[in-house]
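Position 1 is the first residue of the sequence; numbering continues from there. Counting starts at 1 for both ligands and their atoms, in listed order.
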Amino acid sequence: MHLSRRGLLYGTAGVGAVSLAGCGVGESPNQLTGYTGIAMPTTTSDRWVVEGADLEARLKDLGYKTILEYGEDDIPTQIQQIQAMVDKGVEFLIVGAIGNTSLGEVLGNAKDKGVTVISYDRLILDTPDVDYYASFDNYQVGVLQAKHIIKQLGLSSDTTETYNIELFSGSLDDNNSQYFFQGGLDTLETYIYGGSVVIPSGQTEQEPTATERWDRTIARDRMAELLDTYYKDEPLHAVLSPYDGISRGIVEALVEADYEPGTADFPVVTGQDAELLSLKAIKNNTGQTETVFKDTRLLAGVAVEMVKTIVDGSTPEVNDRGTYDNGFKFIPSFLLPPVDVTVENYQEVVVDSGYVTEDAIDNAPPDEG
Ligand code: GAL
């Protein structure tokens, strides 16, 4: 039973770990043993790189060994990496999934060996073998993005003008996408029904607005096509974008279509993740004007605390048991609050808190490709 105190569950030759199972009653070594496997989705986005290193450092501080791998947005690669971790004898898996329904078999193998599985940031679906979910209030992310648009356009119940908006959503096989999108859409809904917000493309569902693998160039190309098809004679006022990489693709297409960043005619573009390049654009008013910061330091802390708590023989603290149904069960979740970031508060939220430096923002290297 994976919630009870336990040490290495199976002989991991060469690990040199001490099994907690060998401890007598009353003895509390309070020391973690064995390995935790950390499977992150990609290095193309700042956050996962920072988090992988952060998770490793926190676990190592507790005396735990780690295996950290990046799947580089390729599902078979991530499955192989997780299988290798299971073969190596990990006790815990912290997984930021690439495809939300593709890990059933490998997690089944993990579960056969008693591994505890923590779904990290993204919920893994269609398998009974997920034990915990550490994430943010993903619906609220979309709410904050839509609220930024409402504020910037000055929308209210008295608005008589009509504003043109386009919607973007994330990868269809990332469970978070639907939460971001729904939060945004629900928040804009009264203005859409009231007629002050119009979506000229008519693309208001998740599928036509999706961006496979959250890819910037896919978003750029879709934005270029929308501009070409619907905005030859119409102004575009805002774009609901779920993630900074996508936002920068959108901005690129807007600039190519002669919209000028920093001017009143430049559409409001939202974002998420407080990536350096996006913070730079927010600071200098050269593109998107908002991002949603999810403090990944807190998230890494939650995941590591889950591991530690289980090793210490207790049950991890969760604060939500009824939101995230993965197709088999509601996964006990710990959800953190996302924070809206604009030019007014970026310094306080991400610089003063030590998440990034002003220097790193100023010197953020340009997007590749
Ligand atoms: C989502 C995640 C976002 C963003 C996106 C692209 O799953 O919640 O914060 O990172 O993936 O990587």
Top protein contact for atom 4 (C) of ligand 1, by heavy-atom distance:
Asp273 OD2, 3.1 Å

Nearest protein heavy atom to atom 12 (O) of ligand 1, by residue and atom, and its distance?
Trp48 NE1, 3.0 Å

Any atoms of ligand 1 less than 4.0 Å from a non-hydrogen atom of Arg122? List them with their elements.
1 (C), 5 (C), 6 (C), 7 (O), 11 (O), 12 (O)

Atom 8 (O) of ligand 1: nearest protein contact (heavy atom, Å):
Asp121 OD2, 2.7 Å

Exercise: do Arg248 and Ser278 side chains pair donor with acceptor under 3.5 Å:
yes

Identify the protein heavy atom lying closest to atom 1 (C) of ligand 1, giving its residue, its atom name and the separation to 0.1 Å.
Asp174 OD2, 3.4 Å

Do Arg222 and Gln203 have side-chain N/O donor and acceptor atoms under 3.5 Å apart?
yes

Subset of ligand 1 atoms that lie under 4.0 Å from at least one heavy atom of Lys294
2 (C), 3 (C), 8 (O), 9 (O)

How about Tyr324 and Tyr133: are their ring centroids closer than 6.0 Å?
yes

Part of Tyr120 with heavy atoms under 4.0 Å of ligand 1, whether side chain, backbone, both or neither
neither

Ion pair present between Lys280 and Asp362, side-chain N to carboxylate O less than 4.0 angstrom?
no

Examine ligand 1 and decide if any of its atoms is less than 4.0 Å from a heavy atom belonging to Phe136.
no

Apart from Leu172 itself, members of its ILVMFWY cluster (side-chain separation under 4.5 Å) are none

At under 4.0 Å between heavy atoms, what of Asn138 touches ligand 1? The answer is neither

Among Val117, Thr36, Val304, which residue meets the side chain to side chain contact (heavy atoms under 4.5 Å, CB included) test with Phe92?
Thr36

Hey, would you say the Phe168 and Phe181 ring centroids sit under 6.0 Å apart?
no

